[in-house]
Every structure is written in C-alpha cells, then in structure tokens.
Peer 1: 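My questions all concern the structure below.
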Amino acid sequence: MSIVKFFVVVFVLLITFAGCGDSGSSDVVSRGFGGSDSANFGCDGTCPNEVLTSGEVERILRQAVAGAKILGVAATFAVLDRVGNVLAVYQMPGANATTTINGKIGAVGGLEGVTVPATLAAISKAGTGAYLSSQGNGFTSRTASQIVQENFNPGEMNQPGGPLFGVQFSQLICSDITVLNPLFTAGISTGSNLLSTGGRGPRPLPLGLSADPGGIPLYKLGDMVGGLGVELDGQYSLDREVFDFDDNIEERLALIASRGFEAPSERAGDSIFVVGKSFRYTDLSYDQVEVAEEPLPELNPAALTAVTLFTDGTIRSGTRFGDPASGITKTSRAGVPAAVLTDEAGNPRFPPRSGTPLAGGIELSAVEVDALLDSILFTSFRTRAQIRNPKNSPAQVSIFVVDTQGVVLGMVRSGDAPLFGIDVALQKARTAVFFSSTDAGDRLNEVRSRNGVGAFDDYVSLVRAFLGPDALTGTNAFSDRAGGNMSRPFFPDGINGRANGPFSHPFPGTSVAARTWSPFNTGLQLDLVFQRLVQPLGVPVNPPSSLPDSCTDSGVLGTRLRNGIQIFPGSVPVYRGKTLIGGIGISGDGVDQDDLIAFYGASRPGLDAIGRTGIGDPILGFNAPPEIRADNLQGPIENTRLRFVNCPESPFRDSSEQQVCGGL
Amino acid sequence: MRKRDIFSLMLALIVSNGALAEDPAPNVDPVEEPVEVLDLSAPVSRQRPGEDAPHFPAYVYESVPDINSSASDFVPVPDRWRQFYAGKWYDPYNQNVLKGDVPVFGSPGHEWFLETGVISETLLERLKIPVPVGVPSTNNSGTIDTFGNGNISVFVQQIIPTISLIRGNTVFMPPEIEFRFTPVFSFTNVEASETGIVRVDPARGTDRSEGDLSFLEAFADIHLANISERYDFISSRIGVQKFSSDFRGFIYNDQQPGVRLFGNWDNNMYQYNFAWFPRLEKQTNTFVNEFETRHEDVFVWNVYRQDLIVPGHQVQASIIYRDDQAGSHGDHYNDNGLLVRPAAIGDERAKNIRSTYFGLNGDGHIGRVNTTTAFYYVTGTETHNQIAGREQDISAFMFAQELSYDFDWLRLRGSLFWSSGDSDPDDGTAEGFDAIFDLPNFAGGDLSYWQRQNIPLIGGGEVFLVNLGSLIPNLRPGKEEGQSNFVNPGIRLYNLGVDVELTQEMKVISNASYLQFDDTATLEKVRQLGGIDREIGWDLSVGVLYRPFLNNNVQFRLGASSLVPGDGLETLYGDKTLYSVFSNMILEY
C-alpha cells in the first residue's frame, strides 16, 4: 500500500501549502482603510455643522510640528475652514519657502516649471481637502490627483480621462464668485472683486485645487469642518502611479497632524465607488503613521506666517457652515433642504432675475429662472448620489443658471454639497453658453490677438479643422461634456496614442509641438486664464499691486467667462426653440449625475414634476432641440462623435427607472 | 443514401467549410500517393509464438485485398488487424489506418497506430446583453443614457484536426505510449451595435474579426507500469492536455500544459490523478491558449472510489491548490485594450492568490435515480482584493446537486447550485466562492443564458457580472485572463429540466432556472447603489440536438434562451428581457 502512503504525504504537503498562503507575497502589499473608524457618526448631510475653533487649529499645528520633528523635517502647514477661510499658515524654520509645479510627464508650457511660494501651495492643498469633501464624502488632494489626469484611473490605458478633468483650474482668485477678505488685501487694488470680512466664503484658493498629496479634510463629530495642507518637498505635483502605496511624507505629516479630526472611514474616498472604481483617500492609513505624543511642542509665533490675500499670520476660528456668517446660508426650495450664497446682510447674492434682453424678448424671465431652479434642485434631490455615503443619499450639488452673457440669473445649492462646486457649476454654465454662441469663434480669435502673457494657440482654426467650418458659430448646442471631449489630450477620450482634441495640447512625446499637455497645461482652458491666474501669485510680479476683475479678457468677453471655462461634464445650454437663451451648470456629484440634473431639470418632465407645466417648450422644456445637439457632430476619425450628456444607470432614488433621458 | 456516400458528403462539407483546402472536391482520392503493393503471390506466413517475426510489409491499406469483393471466401491476411479491412481511407466505420485500426509501423507486439480526426464546429448566434454606450463616443447621436443597444451577432468557425500516434494493443491493455497533437484554427466575427464593445477604442467601430491558431492538445502519454493482472496501471501524461478536476467541471476544466500522473488500483475500484498545470495565457476573443505563461500554477490531487454508498455510484475526493502570482508580473491588457490584471474594479491594485479547494463529489445512480453531487470548501489568501481594498482570507463554499429520473424517453431533472457570497466586503474575509477555470456542465450548461453570456457589470468596473461558461457571478474581467475574485455576490440556482428523446435522432433539452444572488453587499459596494434585491430572475432555455445519422459525425444544435430579470437584475440593468438564439453545426470525422 505504498501508493496510499505516497498520497497521504502529498495530502499533508498540500495542506501545508494552503497554510503558507497566509504569508502573502512580498511585493504585493495590503493595507487598512482611509479615515478612522472612531470618526464614524453616520452623518449624511443632515448632522449639525460644527466649528473648528482656534484652539483646535492650534492643536492641529502642534501635532503637525511634533510630527515634523519625529520625521526630522521642516514643513509649511495651512488650515482652512469649510468655506475657505485661512485659519492659520505655519511655516517651520528651515522649511522650503517655495515649491515648483511639476506634472511629472515632461510637459512644456503653462504652469509647468513655475515656482510659487510654499504657503500658497499649502493653502490650496488644505482648501482641496475641504472643498472636495462633505459629510457624505471625504476626498483629499490625492483624490484630486486621481481624477484630473488623462486616464481614470491614471495609468490604466484606454480609459476616459478623470471625471473631474480640469477642475484644478477653479476657485481662482480672479473668479467673480469667490470672495476675498479685505483684512488681507492692504495695499492692493482689488477692482470689482467681492470683498467680505469675517468668515464669509467661498474664498478663492491661490493655485486652484491641488493634486499634490498632502491635503486632507478635517472632521468633527462626523461633520466636515475644514482642511489641512502640508507642503515641504519643493514639488507641487501629482501622483502618476496610483497602483502602488506611496509613503508620501507630506501625507504622513497630514495624517499625524489631523489625529482627532480624522475623516470617518465610512465616508473616506476609498469607501466610495464611481464606475466601479474606488477613490484614493490616502496611501497611508492612520495606523501606519506615528502618533504625536503629549506634551506637544509649543508653536513658534514667528512661524505663523502672513500670506497676502489670505491671512495676517494669526490663528482664527472657522465659521459654522450654513450660518449666514459663512456666506452660505441654509434655506429650502421646492420642499428640498437647500442653501444659497448670501451677502454681508444675509441676503441672497443671486435672487432669480431675468436675463439680459434678447431680440423678441425671448430671454429667460425671472419666473422661468425660478422654475428652473426648483426643477433642477428637485431633480437633484431625486437623484441617487454617486460620490456620497451612505448609499442612495440624494445627490448634493451646486446649481447655477446664467444668461447668454454669463450673468448669474439664479443659484441654489443642496445643503451639504461640496464647496468646490460653486465656482465650478458657474464655470460650466458659462462654458456651455459660450461655446453654443454665434460669436464664440470670433471672440476667441479676438482674445488670441490681444493675448499678452503666455501663449494662446489658434484654437478656432483647430476646432474648425476638427468639426467643420460651422464650429463655434452657434449652429450647435455644446454641453460641457462635448467641450470636454475636445479638451482631452486624446480623442476619443482616453484612447492612449490617439491625437489630442482641438482644445487640448498634444500629449508629451506624441508631437513636436512647443507646448504639451499636463494637468498644469491643459490648453484653451488655461490659456484663457493664464495671465490673470499667475498675476496674483507673485509671478512674475511680487507682490501683486492689483487684482484682475475677471479670469479672462473682459475687454473681449465681458461677463461671459469671468471665472474661466470648465472642461468636464455637468452643464447644458438653455434654448427657447432653436435660440440660445442661457445655460445651466451643475457640480458636486458624479459627472453623469451632474449631467442628468442639468438636462433632466431643464426638461419637460423635470419641470412638470414640480408643477411648472406651463413653463418652457411643451416638448423640450428648455433643452436644445435634438438635431442641433453636439452629439450630431462627428470627429475627424471614423466612428467618433461628440457626446452631449450621459445620464447614469439607476438614476433616481424614488423609482427603478432606467434610461430616463433618452427621447427628451 | 449509402453510408459511404454520406461520409464523402460529410468530408466535402468539412473541407468546404474551413480553410483546409481551396478546392472543395467531393471525391478526394489519394491515389496519387505512392503505394507499396503487397505481393499477394508471395506466400504469406502467419506469426507463431516462439518464432521470429516475419518480415512486415508496409501497412498500406491499398495493399490488402478487399474481402467484401473477393471472389474467394478465404483470403490470407498477414495479421489480425486486416481481417475486416474495407480499404477506404475516409470510412471510419471499418478498419481504417487513419483511425488507429491498422498499425502504421512497428514490429509485432510493438505496433504503432495512427489515429486522426477532424472536427468542424460552426456557430451562429444572435443575442441581447446589457451593454453600456461608449463613454468617449457613441455610435449614434441621441444616445444620452448609460445603456446602449445590446444586440450582438456572433459567428464562430473552429476547425480542430487531431493526430495521435499510439503504441500498444489498445483494445486489450492500456497503450504503452501515445503522442497526440490537436491544433485548433479558430475564427470569430462579432458585430455589435455600439462602439467600445468589440474594441475599447470607439474609432475601431462595431465589428471585429479575428482568427487564431493554437492547440488544444499536445502531449505524450507514457504508460509507466501495470500493477495487477487485470491491468491496473500507472500512467503519465505530459504536455498540453484537457483535464477536468471533477465530474462536471466546477473548479478546473481546461486545456493547459501539465504533468499528470494517473492510474487505478484494486481492479479499477480506485482511480486517482496527481497533476500540475502551469497555466498559459489565453486569447481574449477566441479563448485559445497563447504561448505565454499566465503565472498561475494549479495542482490537483484526487481519488475516485467506485460503487461507494451503492453500486453504480462513485465518489471523488479532491484537493486543488492554486498559486496565482500574476500580480507580481505587471499589468495585463486583453486583446481589445482593456486592463484585466489587475481587474479594473475597486482600487485596481495588483493581487496574488493562493487558494486550496477541498472537494467531495459524487456521481452515478442510486436505484433508478441519477445523481450528481459536488461540495467544495476553499481557503487561502488574496494578497489584495481590489473591491475590498485590502488583503483577504478566503473562506467560501460551493454546493451542487442534480437528481434525474428517466421515464422511457423522458428525463426529468432537478438541480441546485449554491456558491457562497460575501456578506461584508470590508471585513477582511472573502466569503464569495470562485473557481479557478470552471466550465460546468450543469443546469443547462451552455444552453442556459446565464452560463452562455459574458454579462458586463456596467457602472461597476470593467468586469463581468458573470463570465461565459460559468455559473458564478464572480466579477472577473473574463474568465480566461482575469484572476479569481473571492469578494463576490455568490449565487443560488434552482433548476428544473426535461429532456425529451423525441425520436432516435432528435433530443430536446429544456430548462427553467430561478436565480438569486447569495448576498448583494458586493454589488452594492461596486455600484455605489443600495438596496439591490437578491433576485436575478428566470433563466429559460430550450435546446434541440439533432443527429440525423444517429452518430456524432453530423450534429446540429439549436438553442434559445432568455433571462427574465427579477428585481435585483432590474436594478442593475433595467427590466428588458435578455435573450440568445444560436445554431451550432458540428461535423466530425
């Protein structure tokens, strides 16, 4: 029976093998989750809003300094509240004073290679943690890095670009929607930029949103109260390689400093999926980083740094989000919890109004704007959120309606929508209107001819070579999704190796062009705002003596693109018949949801659902006729066309309907 | 129609169907080949024990008299192989040198036989699956929702010739050695209705044609020893070989290179396998092997015992160990441009898998009740599961049971399949059962919609809810190139079937299965969608097998299946009924 014995031995060996499986493999690592389990309070957007006190800001800074000492480094830290008030900037002695922008793909032009103060980088990183997050989702600057690159995920070939492709160029100082604090603008001519003392936001972020890991949100009792940014390595960059686990020292410091203010693990990005992919929160987890031991080191008063336009070098308390003092005041609309931007007196900044008069009096009326805001907000409340937990929460977004001149006719937000969407929704609304306008090509050519600082390509010729001579003459309705298709370094979007869209620079290495694409040099989007973006940053003049009124050339564009364009989905132009009368911009949830909310909110069934049956076209509502939508336009490559909107699967919380947009 | 003519016709069909010959000639005659003619006038001496073997004339079939047309009742032949030799090379039903009936060379007692064959399989299929519209570009304007037109047409033509060279008296004892080579020529054409389906780049349109040459088998089978007077044996097989690790192919059922030791003992009461398969990569669209390692090793040990419990019922115990180290060898994109390793789901980080399956299987009949049983428990580790975003300890099970009963020409079947699902994707324990490379013949097999289609998990990553040829909703990006995934919803399937032998030539197989996910927590996580019901729906299928000549030389299969979505599937894809209709022609020589 030796055979039997032999197999008994084999059996035992196999069992032993099975046991060995637990040892794992050395080069494929595992980890825990982002955020902290102890920070889970189950908040879904309805928890009370907390305040980050100056004492807590100080504690975070002391933990940060302790962490830096453990790691033997010197760094610059910034803490912001949810609406972007800078609560402190702390630059340790010996810390890098500057940081250099680097997209890590050898791109040339735009902001690539520009050196900026580390304090500005820290503020933008902290602001990114705060602005992308909410009670329903915790995102970091690493999340931002993941969603602004040429593929999503970065490094996964042939997948469309990041869902928030281009979002880095928002929240700019030159934006007309953001508000500066006059306490910090001494000696600077601020023009017509909005100023407000106290804690009224939304405040701008000096470098826009940041993709450089080291910016995280801060939470108290499940509420998102602000953000922390760490800059030390002299590189203002992004993460090109998302499939590994980085031990990033800026991120490590951010985690050490934020202990006690961790994101809930049930809300951290890696617990949230979009198109089946989870977001990156941090590559390190709290249980992998050092603990700052008591007694924490005292702060060095000299290290509390004043930053022109942002802070005078003192530690402040944050504002309570949703209070009038925060500039964003809770209200309700169409029976849905909501919020609006308010001024010093607590009055809405953008009560519904009628549009700039058009021939035939066909401009949007105040009543129509009001109806659209109702319909869109109600649609958002029906919409199942993609980027929030718990699952099946209502989508929470910022909503803007503009007229043909980019003038805001009305706005409303969901109560807990992430803050970045305010500026972005307005950018999107204006972008859709502008590209759908009859004079879009002419105006762009004019901007090009007057362009002073930085290069400006012949985009009009490029897009007409791409789509045909009628492009940018008002013959078609362009959504941001359509414009976004043309703003990617590959067309079709994400297909590596294909040539760039006409609004994008070529991908590095694919062309001999003088300027190449990176998230810091996107193309038309950056060229339009480049001069007025860099002006307040001390580049090339330091310190700035005056601030621009508009991010774009207002001499040509007037109010039409005041805060710049946006190149990811979430907007539709608004029509009466075949005539453009305005635009809708949505930002704050998944891009398909943003599309749905804009498109369906403007549609007949959307308006009917809130009883506005007599408003808008009997069939189309305020949407463009199907035959002029941008998805009729074919690209130069066979089998390709632009997209108009893309409504998501299982869109609504209150029904099992699918395919709700088709035919509208 | 006489048999011989049928075979001629059949051969013509084979030839005209494939790329084997450019000129389809119905009466191919090999007379041009040089023929060594046996000199019948010379005395033919018989072999006698103890005497040296006489000179063997070359075994050329034309050299033997056709006894059917012989004037004499007694014609001397040199050996027993030629007693009934009819002499037509295309006739597999009489003694044929191409079918291993007559030795081709060798010496008495050590004859070598040549066995050849060719199979042509032609498939036409029209199906409807849920598909997404292209995100970067769509095929038509006005396409503004997520789901597109899922109508797809498929044509597949496979030509599978096989050649074996065998030494030994196969009828009387196990052959001593066999070399077998089975190449496969595979051609597929797929026409979809949306871009981005057949290739990830929408610019490449909606059609895809692809041809591949690979091999299904290429092995040497070496008989090692006979261990009893009744030819209990030990044998080995080295090379690319088909192997199914159990009766129905639940865990591993594939053609892969390997080393396999097998045999039996105790008058064939026991059989066993001990095998190692270092697996090869596969082509994405034709599913055939590539000449490239998959970085995955499969070790199988099993033992069968006949007549256990009751006579006529055999039981198999098995241990299968799999070591998948693909995660340590970089990204892998499939032929259509999609990332498949690591799977494009969750955090998309690479993983390695070590898992061990412990299985107990039964097959046979108890009285008049036919029964098949399978139970597996799997344990091991995923170094990093993409959905869970962390390391996983695997602990999952699978159970299958089929019972059937024959009433004359009618067979009633009932079966149950249960693979465990993961109730908490975040807890570090992977409780979703997954196989290595399953190809189960169960609950309708490839007639059923659920097992016949790759159903993409739209909005939940670039993976399939269920893979072609599998029962398990394992969220793999293709069973061929994707890695096992033990964080999955699992399934419970309840099946009733009726097989009807309408005539000798025609059999109708019908199945109705009710499908449920075992636990939808994983789906809710990847879809970011709460409240997904467990109900998948009803899988209804009917198939007709028609064998006009009562043999396997000409077979026609027609199948129609549909999946009527239940609440859970409706939440995922909407309420449209999915279907597939196919026809399949198999010609075999």
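Keep in mind that this is a model prediction, so the values were computed, not measured. Per chain, numbering begins at 1; letters A, B, ... match sequence-line order.
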Peer 1: Indicate the ring-plane relationship of B/Y272 and B/W265, choosing parallel, tilted or perpendicular according to the 30° and 60° boundaries.
Peer 2: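 B/Y272 vs B/W265 ring planes: tilted.
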Peer 1: Given 3.5 Å as the limit, does a donor-acceptor pair link the side chain of A/N476 with the main chain of A/I628, or not?
Peer 2: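 Yes.
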Peer 1: Where on B/K576 is there a heavy atom nearer than 4.5 Å to chain A: the side chain, the backbone, both, or neither?
Peer 2: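 Neither part.
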Peer 1: Taking NZ, NE, NH1 and NH2 as the nitrogens, is one of them in A/R481 or A/D631 under 4.0 Å from a carboxylate oxygen of the other?
Peer 2: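 A/D631 and A/R481: not salt-bridged.
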Peer 1: Side chain, backbone, both or neither: which part of A/R384 has a non-hydrogen atom closer than 4.5 Å to chain B?
Peer 2: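 Just its side chain gets close to chain B.
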Peer 1: Using a 6.0 Å distance limit plus a 45 degree cone around the ring axis, check whether B/R322 lies over the aromatic ring of B/Y357.
Peer 2: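 Judged by the rule, B/R322 and B/Y357 form no cation-pi pair.
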Peer 1: Top residue by heavy-atom pair count (under 4.5 Å) with chain A, among B/V526, B/L529, B/I144?
Peer 2: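 When all of B/V526, B/L529, B/I144 are compared, B/I144 has the most.
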Peer 1: Working to the nearest 0.5 Å, report the span between CG of A/D244 and CG of A/D283.
Peer 2: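 One finds 6.5 Å between CG of A/D244 and CG of A/D283.
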Peer 1: How about CZ on B/R204, more than 12 heavy atoms from neighbouring residues, nucleotides or ligands closer than 6.0 Å, or not?
Peer 2: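 Open.
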Peer 1: Identify which of A/R280, A/E638, A/Q146 forms the greatest number of heavy-atom pairs closer than 4.5 Å to chain B.
Peer 2: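 Of the options given, most contacts go to A/R280.
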Peer 1: Looking only at heavy atoms and a cut-off of under 4.5 Å, which of B/T195, B/T138, B/V135, B/L339 has the most pairs with chain A?
Peer 2: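 The residue among B/T195, B/T138, B/V135, B/L339 with the greatest pair count is B/T138.
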Peer 1: Once ring-ring contact (aromatic ring centres under 6.0 Å, His included) is applied, do any residues pair with A/F279, and if so which ones, sequence neighbours excluded?
Peer 2: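 Per chain and number, A/F279 pairs via ring-ring contact (aromatic ring centres under 6.0 Å, His included) with A/F139.
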Peer 1: Without swapping roles, check the side chain of A/N151 against the backbone of A/P154 for a donor-acceptor pair under 3.5 Å.
Peer 2: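 No, A/N151 side chain to A/P154 backbone: no donor-acceptor pair under 3.5 Å.
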Peer 1: Of the backbone (N, CA, C, O) and the side chain (C-beta and beyond), which part of B/Y270 lies under 4.5 Å from a heavy atom of chain A, both, or neither?
Peer 2: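 Contact with chain A is absent: no heavy atom of B/Y270 under 4.5 Å.
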Peer 1: Using a cut-off of under 4.5 Å on heavy-atom pairs, state which of A/G662, A/S656, A/G155, A/G590 scores highest against chain B.
Peer 2: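 Winner by heavy-atom pair count: A/G662.
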Peer 1: Could you have a look at A/V275, A/V242, A/D493 and say which one has the most heavy-atom pairs with chain B under 4.5 angstrom?
Peer 2: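 Looking at each of A/V275, A/V242, A/D493 in turn, A/V275 comes out on top.
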Peer 1: Given that the side chain runs from C-beta out, which part of A/R488 has a heavy atom under 4.5 Å from chain B: side chain, backbone, both or neither?
Peer 2: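 For A/R488, there is no contact with chain B at all, as no heavy atom is under 4.5 Å.
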Peer 1: Using only atom types and a distance under 3.5 Å, with no angle test, would you say the side chain of B/Q325 pairs donor to acceptor with the backbone of B/R354?
Peer 2: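 No; judged by distance alone, with no hydrogens or angles, the pair does not exist.
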Peer 1: Name the option with the most non-hydrogen atom pairs under 4.5 Å to chain A; the candidates are B/A203, B/G134, B/G574.
Peer 2: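 Top option by heavy-atom pairs under 4.5 Å: B/A203.
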Peer 1: Sort out for me which of A/N389, A/L642, A/I637 touches chain B most, counting heavy-atom pairs under 4.5 Å.
Peer 2: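 Highest number of pairs under 4.5 Å: A/N389.
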Peer 1: Tell me, out of B/D567, B/N385, B/N140, B/I394, who's got the most heavy-atom pairs with chain A below 4.5 Å.
Peer 2: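 Of the options given, most contacts go to B/N140.
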Peer 1: Given 3.5 Å as the limit, does a donor-acceptor pair link the side chain of A/N485 with the main chain of A/R643, or not?
Peer 2: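 Yes: the side chain of A/N485 pairs with the backbone of A/R643.
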Peer 1: Name the member of B/D201, B/I345, B/D426, B/V200 that forms the most heavy-atom pairs with chain A at distances under 4.5 Å.
Peer 2: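 Highest number of pairs under 4.5 Å: B/D201.
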Peer 1: Within the side chain of B/D145, is there an N or O that forms a donor-acceptor pair under 3.5 Å with the backbone of B/F147?
Peer 2: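 Pair absent, no side-chain N/O of B/D145 close to backbone of B/F147.
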Peer 1: Select one option (side chain, backbone, both, neither) describing which atoms of A/I272 are under 4.5 Å from chain B's heavy atoms.
Peer 2: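 Answer is both: backbone and side chain atoms of A/I272 are under 4.5 Å from chain B.
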Peer 1: Using non-hydrogen atoms and a 4.5 Å limit, figure out which bit of A/N153 sits close to chain B: side chain, backbone, both or neither.
Peer 2: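 The answer is both parts of A/N153.
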Peer 1: Taking side chain as everything from C-beta outward and backbone as N, CA, C, O, which of these in B/Y333 sits under 4.5 Å from a heavy atom of chain A? Side chain, backbone, both or neither.
Peer 2: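 Contact with chain A: side chain only.
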Peer 1: Is it the backbone or the side chain of A/R388 that comes under 4.5 Å from a heavy atom of chain B, or both, or neither?
Peer 2: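 Just the backbone, heavy atoms under 4.5 Å.
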Peer 1: Counting only heavy atoms closer than 4.5 Å, note whether B/T143 contacts chain A via side chain, backbone, both or neither.
Peer 2: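 Backbone only.
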Peer 1: Which bit of B/L572 comes within less than 4.5 Å of chain A, counting heavy atoms only: side chain, backbone, both or neither?
Peer 2: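 When you check distances to chain A, only backbone atoms of B/L572 fall under 4.5 Å.
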Peer 1: Tell me, for B/V133 versus chain A, whether the close heavy atoms (under 4.5 Å) come from the side chain, the backbone, both or neither.
Peer 2: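 Contact with chain A is through the side chain of B/V133 alone.
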Peer 1: Does any backbone or side-chain atom of B/E382 lie under 4.5 Å from a heavy atom of chain A? Answer side chain, backbone, both or neither.
Peer 2: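 Answer is neither: B/E382 stays 4.5 Å or more from chain A.
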Peer 1: Under 3.5 Å, side chain of B/K525 to main-chain N/O of B/P425, donor-acceptor pair present?
Peer 2: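 No, the answer is negative, given that no donor and acceptor are paired below the 3.5 Å cut-off.
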Peer 1: For A/A385, is it the side chain, the backbone, both or neither that has a heavy atom under 4.5 Å from a heavy atom of chain B?
Peer 2: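 Looking at A/A385, just its backbone touches chain B.
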Peer 1: Checking A/P626 against chain B: side chain, backbone, both or neither under 4.5 Å from a heavy atom?
Peer 2: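 No part of A/P626 comes within 4.5 Å of chain B.
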Peer 1: Which bit of A/N496 is near chain B, if near means a heavy-atom gap under 4.5 Å: side chain, backbone, both or neither?
Peer 2: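 It is neither, since no heavy atom gets under 4.5 Å.
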Peer 1: Given that the side chain runs from C-beta out, which part of A/Q159 has a heavy atom under 4.5 Å from chain B: side chain, backbone, both or neither?
Peer 2: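 Answer is side chain: those atoms of A/Q159 sit under 4.5 Å from chain B.
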Peer 1: Would you say the side-chain atoms of A/R629 pair up with the backbone N or O of B/G142, donor to acceptor, closer than 3.5 Å?
Peer 2: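 Checked: no pair found.
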Peer 1: Closer than 4.0 angstrom, basic N to acidic O: yes or no for A/R142 and A/D270?
Peer 2: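 Here A/R142 does not pair with A/D270 in a salt bridge, since their nearest N and O are not under 4.0 Å apart.
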